[in-house]
There are 2 protein chains.
Amino acid sequence: MSKHKIRNMEQFAALSGLSRPTVSKYFNDPDSVRPTTRRRIEEALERYEFRPNIYAINQNRRLTKNIGIVVPYLADPVFAEHARSIETLCAEAGFRPILLSSHGGSEQESENLDSLRSLKPAGVLMAPLGRASDRSAIERFCRDVPTVLFDSNIEGMGEAFVGSDNVSFVNQTVDYLCRSGEPPCFFEMRTPANPNANKRRTAYIEAMARHGEDPVVVAVEGDGWGFEEIGRQGAHSAIAAGDFTTNTILCSNDRLAIGVLAACYERGLRVGRGPGCALRVASHDDHPFSRFTCPALTTAAHDYAAVASHSVEKLFELIENGGKSGQRTETLFPANLVVRASA
Amino acid sequence: MSKHKIRNMEQFAALSGLSRPTVSKYFNDPDSVRPTTRRRIEEALERYEFRPNIYAINQNRRLTKNIGIVVPYLADPVFAEHARSIETLCAEAGFRPILLSSHGGSEQESENLDSLRSLKPAGVLMAPLGRASDRSAIERFCRDVPTVLFDSNIEGMGEAFVGSDNVSFVNQTVDYLCRSGEPPCFFEMRTPANPNANKRRTAYIEAMARHGEDPVVVAVEGDGWGFEEIGRQGAHSAIAAGDFTTNTILCSNDRLAIGVLAACYERGLRVGRGPGCALRVASHDDHPFSRFTCPALTTAAHDYAAVASHSVEKLFELIENGGKSGQRTETLFPANLVVRASA
DNA sequence: TCTAGAACTTTACGCGCGTAAAATTTTTCT
DNA sequence: AGAAAAATTTTACGCGCGTAAAGTTCTAGA
């Protein structure tokens, strides 16, 4: 039980009867030493409790075992969920995930990139803010650090993009809504921060055309990341103004839909597809709480796990190939319609 | 525009016509050099873009400018909110916040502590898992690193605790509910992970005694961090079994309440205090989405900002005093009742 | 048993910066 | 103006480890 305090690798190597470079090699790759040597080190490790100094390790090394994860807004459960999956996958692969939130601001996003750059990460997984992002800052960063974008695409940035297929999302909801009732009106923010929103609107218009219906887009004002409140107020005024020409609302994303549901409740409008319901509300994302709204939200679900694992795999490939892929790839995962009570 | 690439401080010092130690001093505290010197450095900084190597900086330094932030579950918006405030405050004070989530598991929590230890942080702000935490691991950690606990208290651990006054939370909701209608039944998890839950139950029983009412505690089974689903299923069976002896339910926290609201909706029970309502539901925390539930949730609100700023201040004090406070303090902030439509 | 090749040890250097001590310059005060 | 105080420079060392090169020991295969 003499958990002696070890100061450095030199000392630890001496205590385990090996040379420091051998021990160093072990810590960089346990399989690179002979099995008997490995056992000796690991036994000593149990007796003496030693961890190499992180700063010394990384100082004299081109690229570290760090992987940066940047999300636009961590208090959004969708990104919290993404971050959790990605973090776990990186850690399992022996990397050191470093999670940074841009808190919804481009200055913070750029700061995060600067901060990451000085950590010399092996790679970075980034979900950019979107419209608000400082493109040139991201471009400069991607030149220096192998980067995979996820969730929101920015054309040409990074070595790969992994996200969800917005067309698939919208097609599934529109098809379902059209065949089960009145065609949907589309509800969104006028100036969405996220590029996915634009793709969803376009996809909606095309899907409606395919069904031979006239598209109705209701765009509400609002800035920032308080989507629920924007949705709530927007729904109030849109309903009051009679902007919804059918009894079915398709929201650009779940957080807006949560606001819409709140507004409907406040106005005494029953939402759902049963008798006595005034409105149907559907949406996209499968926000972690969308199962618990009243009524539970019908939505097109992200394949969170697929996006996380594929973007991580892409990054690992990149890292193994020295950071350059030559060919920028875009991978989109289709949605999975989750029919609940709201539509 | 010749944004020359600077390799190290030596080079940068030469270019700005100063000695390296002076520049080093500047980076450790810009006010420690003469104003004219400072200007010279900052002008050079604009021309040459140089940032000291983080690893080299920290290697030969007792304690760094890092501040660890550990939360039990980052996908819980309550903790996301806490983390966001604290992160911002630390960054503003010139520290480098490092955010880690324990993902609801004690192994991960201990790993986070190990990981932090090797980063030699100036201090750590930690919201422990609670019951699941490895007490001895935390105790060992607190011996080495100045630590302030927040949100969940663990007796005797860390140099200070900053949280919310659960008695105040419960008193306000119970008082309000008793004077505005039938006395509340208390709804909670049987084996809550979080120590606050126990305090809330106790406070409920005492508050009911003060009002001369019999307490009714409905405890439901369930493990993990899926509180909404636990609340939903628990509410279904409790309602079916007639466990609630009054028309008023006081939930231990908002996430459970969100589940209860979902169950009520599914059973066609109208929640609220108006005519035609079968149940009143109230809760504690002021979860970021509790404003958007249907109906909007009446709840006792955390003073997130106060907890964040005070725990950060406590930690800064600690750091300035060399990590030891001598006297462990506990600071509790009272709740602020937010009356909405649900009760 | 011999030998190629892998694994290891020894030796040596460098990374970029913190930091201490002594010498020097600049500022501030009398 | 002179002296004390403060800021800066010079010099020098160390942090803990990565890593390369050269020599040595071990392992595996014939």
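- Side chains of E87(A) and L74(B) form no contact here, defined as non-hydrogen atoms less than 4.5 Å apart.
- When heavy atoms are screened at a 4.0 angstrom cut-off, N28(B) is found touching the sugar-phosphate backbone but no base atom.
- Using a 4.0 Å cut-off between a side-chain N of Lys or Arg and a carboxylate O of Asp or Glu, E81(A) and R84(A) qualify as a salt bridge.
- At whole-Å resolution of the value, CZ in F27(A) and P in dC17(D) are 9 Å apart.
- Looking at heavy-atom distances under 4.0 Å, P21(A) makes contact with a base.
- Listed nucleotides: dT19(D), dT19(C), dT8(D). Nearest to the side chain of S24(A): dT19(D).
- Here the nucleotide nearest the side chain of N53(B), chosen from dT9(C), dC17(C), dT8(D), is dC17(C).
- At the phosphate of dA7(C), neither OP1 nor OP2 sits under 4.0 Å from any side-chain N or O atom of T22(A).
- With distances taken from any side-chain atom of Q59(A) to the nucleotides dA12(D), dG16(C), dC17(D), the minimum falls on dG16(C).
- Residues H310(A) and F150(A) form no side-chain contact, since every pair of their non-hydrogen atoms from C-beta on lies 4.5 Å or further apart.
- dA6(C) atom P lies 20 Å from atom CZ of R38(A), rounded to whole Å.
- The A56(A) side chain lies nearest to dG16(D) when the options are dG16(D), dT27(D), dT8(D).
- In this structure, R40(A) and N58(B) both approach DNA chain C, and ranking their closest nucleotides by distance from the 5' end singles out R40(A).
- Atom CD in Q11(A) sits about 14 Å away from atom C1' in dC17(D), given to the nearest Å.
- Rounded to an integer number of Å, the gap from CD1 of I57(A) to C1' of dT19(D) is 14 Å.
- Between T64(B) and K120(B) the shortest heavy-atom distance is OG1-O, 2.8 Å.
- Among the nucleotides dT27(C), dT9(C), dT9(D), the one closest to any side-chain atom of R34(B) is dT27(C).
- With rounding to whole Å, E10(A) atom CD is found 12 Å from dT9(C) atom P.
- Each of dT27(D), dG18(D), dT27(C) was ranked by its minimum atom distance to the side chain of R20(A); first place goes to dG18(D).
- Separating the CD1 atom of I41(A) from the C1' atom of dC8(C) is a distance of 11 Å, rounded to the nearest angstrom.
- A salt bridge does not link E42(B) to R40(B): none of the charged nitrogens lies less than 4.0 Å from a carboxylate oxygen.
- Across all strands shown, F50(B) has heavy atoms under 4.0 Å from sugar-phosphate atoms exclusively, and none from any base.
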